Amino acid sequence: MNNKLAACLAGVKQTTPLVHIITNYVTINDCANILLAVGGSPAMCEAADEAFEFSQIANALYLNIGTLTKEQELAMYLAIRGAQIKGVPVVLDPVACGAIPHKVDVIRKLQQFGSFSVIKGNQGEIKALAGMEAQVRGVDSIDGGDNVVEACQKAARDFGCVVVATGQTDVVSDGVRTCQVENGTELLTRITGAGCMVGALIGGFCGANRDMYLASAAALATFSLAGELAQEAQGGKQPGTFRISLFDQISQVNQNILRDRSRVKWM
Amino acid sequence: MNNKLAACLAGVKQTTPLVHIITNYVTINDCANILLAVGGSPAMCEAADEAFEFSQIANALYLNIGTLTKEQELAMYLAIRGAQIKGVPVVLDPVACGAIPHKVDVIRKLQQFGSFSVIKGNQGEIKALAGMEAQVRGVDSIDGGDNVVEACQKAARDFGCVVVATGQTDVVSDGVRTCQVENGTELLTRITGAGCMVGALIGGFCGANRDMYLASAAALATFSLAGELAQEAQGGKQPGTFRISLFDQISQVNQNILRDRSRVKWM
Amino acid sequence: MNNKLAACLAGVKQTTPLVHIITNYVTINDCANILLAVGGSPAMCEAADEAFEFSQIANALYLNIGTLTKEQELAMYLAIRGAQIKGVPVVLDPVACGAIPHKVDVIRKLQQFGSFSVIKGNQGEIKALAGMEAQVRGVDSIDGGDNVVEACQKAARDFGCVVVATGQTDVVSDGVRTCQVENGTELLTRITGAGCMVGALIGGFCGANRDMYLASAAALATFSLAGELAQEAQGGKQPGTFRISLFDQISQVNQNILRDRSRVKWM
């Protein structure tokens, strides 16, 4: 199966998918640089005057509701509608949907304009979407991680799409198939934006590949592996240097490295 | 007294204060990463639909008026009201209030919705708030630094809160008690965002401690000391590398280091 | 002629030009840090309530239409009007004007409120503005680079200002004089924001010098040379480390280095 993950990465590098991104301003630069480093083409187009047209010429649309200004919210309704019309895959990052009720209203409203191909959140967010009890604190999950596989599978069936829950082990499910990505490092929790970067990458992988389930798993494995390599390269546990090394290392992850070092448990 | 500063830092690391941040987009990522590195939990919630509710569940609110979009301005009125209702401490960064008259209008209007626990600005900004002559240039203070202690004390009495003026030596006053933090390095003026990062950190320290005067002094000492350590670690005078090292070093500052190396002059 | 470029850099370091910047949120931090590192003073003032007044006290105005929120668009109309009234030079970065029709509408509307001193885009953008066929993909130019000199010269005459097209070789023309800046490294295409940073720097150089043509060439040479030095300092081809090194290196570029290592072909 690792060959399939490697093929997804090759798809990104060969097609340079154009990913239309509407995301929070905290990590918007990180999202652009990580997608560029892996071989994609990010375009942050969030003007309400432009979003409907732009998503129609993109290979994927990534929506992150972290710092949802009113214009971003409107642009998202327009962009997801454009994506729906042209069959462009849509990745949703439901940031803080467990802590802020308004986020859930926006997600429900987005579904009136289009549909999601992938929903990627942390464990608390995905459990909240699955209607299960979750422990959250602001934008962070402090959930123990029980029942995450079940939450992903339930949310995947409820929303009719691939669902990803990130955590010490990442879970991916399309409701039928489920896998766990075991790569990664605790250092990824010590910087802001790891989740956002994964979301942008899933956008890139979905823009370049047909199977959204495999594409999501490949994006997770690529990013988590880059985290491992960055930790190795750096030696220490320093969040600033680690964050920069992440961009260096992901640009070095090729098909061979991904095939050799991915640790995905197919369930 | 250095023991008290160290205790404030311990408070942050033990309680992981959730800091609701509405700040400029220039350094929003730096604010998140520096607060995370010191042990806090940043959450940039600036949607007008969410700010009133979110500040009520936060441990502190940090308002930075640097790039004040209209929605940010409205969100700030809502957020400070929510904070007032629940007794959540509020830290104001009055960016460019000496150069742009509209900033002063916003500050006066914010006071109609709630109150400030700490106001932290550069010397020019604090002197302007104290009604004293100040030399400013855009967002920078080019003030010589005379009468800064007096300006802090006067502003602290006028606004009824702790006032911090950053500069080569930082001054903190609550109108009765006053101190000067002498740690730091000139390199902090060579990067953008040092002031914003300090503001976010003061938010974190105030969210974890009762005495806002001590909490502010401890945040300043922690950050300035991290600057010294970053300069030592790096050797040279290179602003890019220095900026990244700052995140590394602040994550290493613990109670012992802060106790041993803080240079605070209690007046 | 390299002496003239060096004199432009000296102008920046001696006068610390205040540059009013309204730019996209993806690279807003990079723009601030690069301008600071070269000796300028960036101020991101984009509130519609403040932009008209602020551009009038600035030494230059830099407008980048990458992520054009509605409020940014309005602030740009106000800011360019203020600049026009006080004779402040205006640098336009027409991001994605070849891919998104709305961008062209905004540029035409900006011309009703003021005028541009310099327009700086990638090859695809400049060809689009010159009314020539161009290959673009989202925000990137994938144009082969034919006829770029002609495109710059035509656009310079059409818009009555200096026009810069960035690429493997950068072209600068004021319609009469034309030159090519041959410094640079391919690594600058591997990070996001190189174009934006150049735009902010051109703002700084134009704010400190009278001849916008020479100032633009000097800004390009300074930035591209910093790219070469960052590549040399780093050895490898790692985008994360390279990006940080860029800030280090540009702070080291002085008049002597610029005079010795600029490779500008005056046509």
Side-chain angles (χ1 to χ4, degrees), chain A residues 23-33 44 64-74 76 95-106 109 136-142 187-197 234-248, chain B residues 15-55 57-59 67 69-72 74-75 200 226 229-230 233-234 240-252:
Chain A
T23 191
N24 70 76
Y25 300 144
V26 185
T27 62
I28 189 170
N29 181 271
D30 293 334
C31 287
N33 270 311
M44 276 65 178
N64 176 307
I65 61 174
T67 56
L68 200 62
T69 66
K70 187 50 78 177
E71 183 168 356
Q72 280 192 319
E73 185 186 331
L74 298 175
M76 287 186 187
V95 181
C97 70
I100 302 177
H102 178 246
K103 305 289 193 194
V104 178
D105 298 340
V106 171
K109 197 162 168 185
V136 298
R137 179 179 174 79
V139 298
D140 296 318
S141 174
I142 50 172
L187 272 173
L188 287 167
T189 67
R190 305 270 309 285
I191 59 170
T192 194
C196 308
M197 288 190 260
Q234 183 208 1
K237 290 213 161 198
Q238 308 202 312
T241 308
F242 171 76
R243 192 170 77 90
I244 301 306
S245 182
L246 202 51
F247 299 104
D248 289 346
Chain B
T15 63
T16 317
L18 176 63
V19 185
H20 180 181
I21 294 178
I22 306 179
T23 191
N24 71 76
Y25 300 144
V26 184
T27 62
I28 189 170
N29 181 272
D30 293 333
C31 288
N33 270 312
I34 205 81
L35 189 53
L36 208 54
V38 91
S41 175
M44 277 66 177
C45 177
E46 56 176 54
D49 289 322
E50 303 168 359
F52 176 67
E53 287 78 12
F54 199 77
S55 67
I57 61 167
N59 299 111
T67 57
T69 66
K70 185 51 77 177
E71 183 168 357
Q72 281 192 320
L74 298 175
L229 295 171
Q234 183 209 1
T241 308
F242 171 75
R243 193 170 75 90
I244 300 307
S245 182
L246 203 50
F247 299 104
D248 290 346
Q249 294 303 323
I250 206 166
S251 75
Q252 308 294 321

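These numbers were taken from a predicted model, which means no experiment stands behind them. Lettering follows sequence order; numbering is per chain, from 1.
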I'd like to know if the side chain of A:K103 reaches the main chain of A:V95, judged simply by a donor and an acceptor atom lying under 3.5 Å from each other, with no hydrogens or angles considered. no

Considering only heavy atoms and a distance below 4.5 Å, find which of B:L246, B:I34, B:N29 pairs most often with chain A. B:N29

Okay, A:I100 and chain B: the region with an atom under 4.5 Å from a heavy atom over there is side chain

Measure distances from A:E73 to the heavy atoms of chain B and classify the residue's part below 4.5 Å as side chain, backbone, both or neither. side chain

For the student: nearest non-hydrogen atoms of B:P42 and B:A32, plus distance: CG-O, 3.5 Å

Any donor-acceptor N/O pair, A:Q238 side chain to B:Q249 backbone, under 3.5 Å: no

Engaged part of B:E53 at the chain A interface, taking heavy atoms whose separation is under 4.5 Å: neither

At a 4.5 Å cut-off on heavy atoms, which part of B:Q252 comes close to chain A: side chain, backbone, both, or neither? side chain

If one checks every heavy atom of A:I244 against chain B at 4.5 Å, the contacting part turns out to be side chain

Quick one: which of B:I28, B:T27, B:N33 has the most heavy-atom pairs under 4.5 Å with chain A, could you say? B:N33

Given the options B:L36, B:I57, B:T16, B:T23, which has more heavy-atom pairs under 4.5 Å with chain A than any of the others? B:L36

For B:A37 and B:I250, the nearest pair of non-hydrogen atoms, with its separation, is CB-CG2, 3.6 Å

For residues 27-55 of chain B, pull every pair meeting ring pair (Phe, Tyr, Trp, His ring centres under 6.0 Å), keeping only residues two or more places apart or in separate chains. B:H20-B:F54

Run through A:N64, A:T67, A:T69 and flag the one making a side chain to side chain donor-acceptor pair (under 3.5 Å) with A:N24. A:N64

Test item: B:F247 and A:R190 side chains (from C-beta on) under 4.5 Å apart, heavy atoms: no

Relative to chain B, which of A:V26, A:L68, A:T189 shows the most heavy atom pairs under 4.5 Å? A:V26

Is chain B contacted by the side chain of A:D30, its backbone, both, or neither, given a heavy-atom distance below 4.5 Å? side chain

